[in-house]
There are 2 protein chains.
Amino acid sequence: MNEAVVLTPERILEATEDVLRRFGLSKATVVDVARALDVSHGSVYRHFPSKASLRDAVAKRWLDRANEPLCKLAAGDGPAPERLEKWLRTAFTIKQKKVCDDPEMFATYLALAQDAREVVEAYKDKQVDLIAKILSDGVAQGVFEVDNVKATARAVFDATVRYHHPAHAEEWAKPECPSRIDALLALLLRGLRVCKP
Amino acid sequence: MNEAVVLTPERILEATEDVLRRFGLSKATVVDVARALDVSHGSVYRHFPSKASLRDAVAKRWLDRANEPLCKLAAGDGPAPERLEKWLRTAFTIKQKKVCDDPEMFATYLALAQDAREVVEAYKDKQVDLIAKILSDGVAQGVFEVDNVKATARAVFDATVRYHHPAHAEEWAKPECPSRIDALLALLLRGLRVCKP
DNA sequence: CCGCTGACAGATTTCAATATCTGTCAGACA
DNA sequence: TGTCTGACAGATATTGAAATCTGTCAGCGG
């Protein structure tokens, strides 16, 4: 059948991601997306109510993909302290890799983050939930002592903004960065552990 | 004598701060500063080699003034944990107050921070030194257990970026902010304390 | 019918001409 | 002599007209 030529939201997202990657957020237009799909731009508006919603949908896909390894880690079952450290380091590494490999999409993400868009808020909340999962595992294992898991998970997230918020991305390449991350993680893990070693 | 009409660096800084406050960083020009002082702009260049250096000097003055209460706090001699908490809360409050009271100067500071200007780096280093002072007091008092004071001070600073880096200023007004600060500070202080209470 | 097109109004962006600014310096002035 | 001025060149910013874009919708074609 004509499956190949049906205009689906999925195909539009694919094309939009390409266009964003190629032209960057500031240059990409809905007309470009339509041209890439060889349809009129009116057709795109049949599937997405606005350019902003299209942009958000692409960002969501992108963020969900980036988040997958972190979900797996959080769902794991090793000792919580090691898992939390691994989780945070992985989060930092993913972000840093994105900055290098996919700068245009990262710039898009930065712009979204600065607009405090809903999609980014949802993503952050998801991250905090993953941290909370590991924390409560740690409490169950008797290695963490946390009175309010949700609030503490948020605190861990906040304490590490410097290494996952795109506004600080330029600093991630600095040579003193790794040892600063080490010190920060050590401090946080000490703050979580039960109090008689 | 003609003291009142002598063109000093101090008078230029004063005028520049006024101009920056009135027009904002993006609109303020050296010509404006000269006009405010009723001299030619060439005269300004006699005292400051470039517009950037003038801007930096104003920012330094501004930052130093803002920093003064924090220096006093760090130099105090109460129990370190309370003092550190107070210090951090004061740092947050000062920044927040500046955002409201002096938005144009704050925007200038934001621009400087994003350029990673030397003057801002120096200011941050000074802040870290103040934290380090309190930490080593805490170690001396037997209430903190810290193996590398300098690195840990940096970690405390990094962990609190969200509440002192101007890039996050829009979030400081949110209603959930105070409780998130509470959770963060509690976590950090737990991470510093000695381990058998 | 149903999905798509393409013309349209109003908003936004581009672009090039114009104006202003930065930083320098020879010379005025005291 | 030392400070300040004002004209200048090159860089940067502003402006407004023209081009493009966003979002809508009446109507075409399958």
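The sequence lines fix the lettering, A, B, ..., with proteins before strands; numbering per chain opens at 1.
Residue whose closest nucleotide on DNA chain D sits further toward the 5' end, between B:D38 and A:P49: B:D38.
Of the N and O atoms on the side chains of B:T29 and B:D32, at least one donor lies less than 3.5 Å from an acceptor on the other residue.
Look at A:S43 and you'll find a side-chain N or O under 4.0 angstrom from OP1 or OP2 of C:dT5.
In this structure, B:R46 atom CZ and C:dG27 atom P are separated by 15 Å, rounded to whole Å. Taking atom CG on B:L37 and atom C1' on D:dC4, their separation rounds to 13 Å, with Å as the unit. As rounded to whole Å, 22 Å separates atom C1' of D:dG2 from atom OH of B:Y45. Here C:dC4 presents its C1' atom at 18 Å from CZ of A:R35, a figure rounded to the nearest Å. For the pair B:F48 CZ and D:dC4 C1', the computed distance is 17 Å after rounding to whole Å. Rounding to whole angstrom units, CG of residue A:D32 and P of D:dA19 are separated by 19 Å. Distance B:F23 CZ to C:dC21 C1': 14 Å, rounded to the nearest Å. Rounded to a whole Å, the NZ atom of A:K27 is 9 Å from the C1' atom of C:dT13.
The side chain of B:H41 lies closest to C:dT24, out of C:dT24, C:dC21, D:dT22. In the set D:dT22, D:dG23, C:dC21, the nucleotide with an atom closest to the side chain of A:S50 is D:dG23. When each of C:dG23, D:dT3, D:dT22 is scored by its nearest atom to the side-chain atoms of B:K51, the top-ranked nucleotide is C:dG23.
In this structure, B:Y109 has its ring center closer than 6.0 angstrom to the ring center of B:W62.
B:E145 contributes no side-chain N or O that, together with a main-chain N or O of B:V139, makes up a donor-acceptor pair within less than 3.5 Å.
Using cut-offs of 30° and 60° for the angle between ring planes, the B:H168 and A:H165 rings count as perpendicular.
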